[in-house]
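Computed from heavy atoms alone, side chains included, the values below leave out hydrogens, waters and symmetry copies. Throughout, a chain's letter reflects where its sequence line sits, starting with A, and its residues are numbered from 1. Everything numeric in this text was worked out from a predicted model, so none of it was measured.
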Amino acid sequence: MIPQLVTVRRRRRDGRWSRLFVPVLPVLLVLSPLLLLAVLVALVACLVFRVSAVGALRGTGQLLCALPGTRFEIEHGRTAVSVSVR
Amino acid sequence: MNEQRRQILQMLAEGKITADEAERLIDALEREQPESPSGATPRLKPRPKYLRVVVSSEDNFGGDGPGRVNVRVPLQLLRAGVRLTSLIPAQALTQVNAELSKSGVPIDLTQLKPQHIEELIEQLDDVTIDVDQPDAKVQVFCE
């Protein structure tokens, strides 16, 4: 299952949290023309560098599917950033 | 008593096998299914799903206060990443090896096969790293 929601949280110096929820699927749909272009460029790059295109696609898919559950939290004094993939 | 042991004793009672043969069969059965000392089935330890890296620093950088980094990465993501490394072309690995040698790190990456790294990740389950310093603490573990 690909990630569904990416949450970016940021704590400012004044202690207030700001949250940004990124729904992955709608964003992917909006960016699909660019994504298609990126996939084409990646396929050409695979051919140029003699890398298995199918393997690369499969590997990228597996990487994407393994992303849910990832969480990064960085706190520095009163500021903090947190990125969570669900 | 389990079913196979009962069958062996049944055959012994019916005279189909001798006592010696029955003993050998039961021994073989016990070797095949070793019982736990308590007789109960051993509880399997749940497999960890995430690799956690926690870094706490008491250093007061720029007067902001202490810092903390908390990273949780699914082990599945590590496995997927390792599989991707198998796509690196051989000539690129050769170039990387040459640069590593120049930098004084004589590691031959062509000898590092994906299955070796996968085995390494499989064994990560039991790894716990704790680095304690007066002003910083690093913990790496699986959960």
Cluster check [X], [Y]: I/L/V/M/F/W/Y, side chain < 4.5 angstrom:
X       : Y        : value
A:Phe49 : B:Leu109 : yes
A:Val8  : A:Leu31  : yes
B:Val55 : B:Val140 : yes
A:Leu20 : A:Leu67  : yes

Supply the atom-to-atom distance [X] [atom1] to [Y] [atom2], rounded to the nearest 0.5 angstrom.
X       : Y       : atom1 : atom2 : result
B:Leu84 : A:Arg58 : CG    : CZ    : 11.0 Å
A:Glu75 : B:Ser57 : CD    : OG    : 12.0 Å
B:Gln76 : A:Cys65 : CD    : SG    : 9.5 Å

> Which heavy atom of B:Pro74 sits nearest a heavy atom of A:Pro68, and at what distance?
Replying inline: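 Where B:Pro74 meets A:Pro68 most closely, the heavy atoms are CG-O, 3.5 Å.
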
> Looking at A:Val83, A:Leu63, A:Ile74, which makes the most heavy-atom pairs under 4.5 Å with chain B?
Replying inline: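 Answer, by heavy-atom pair count under 4.5 Å with chain B: A:Leu63.
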
>> Among residues at least two apart in sequence or on other chains, which ones pass salt bridge (Lys or Arg N to Asp or Glu O under 4.0 Å) with B:Arg79?
In response: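 Listed in chain order: B:Glu122.
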
> Quick one: hydrophobic cluster around A:Leu5, which other residues, with the 4.5 Å side-chain cut-off, linked directly or via members?
Replying inline: A:Phe21

>> Below 4.5 Å, heavy-atom pairs only: which of B:Val53, B:Asn70, B:Val73 has the largest tally toward chain A?
In response: B:Asn70

> Sub-3.5 Å donor-acceptor pair from the side chain of B:Arg72 to the main-chain atoms of A:Gly69, do we have one?
Replying inline: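 The answer is yes, because a donor-acceptor pair under 3.5 Å joins these two groups.
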
>> Can you tell me which portion of B:Leu87 sits under 4.5 Å from chain A's heavy atoms? Options are side chain, backbone, both or neither.
In response: both

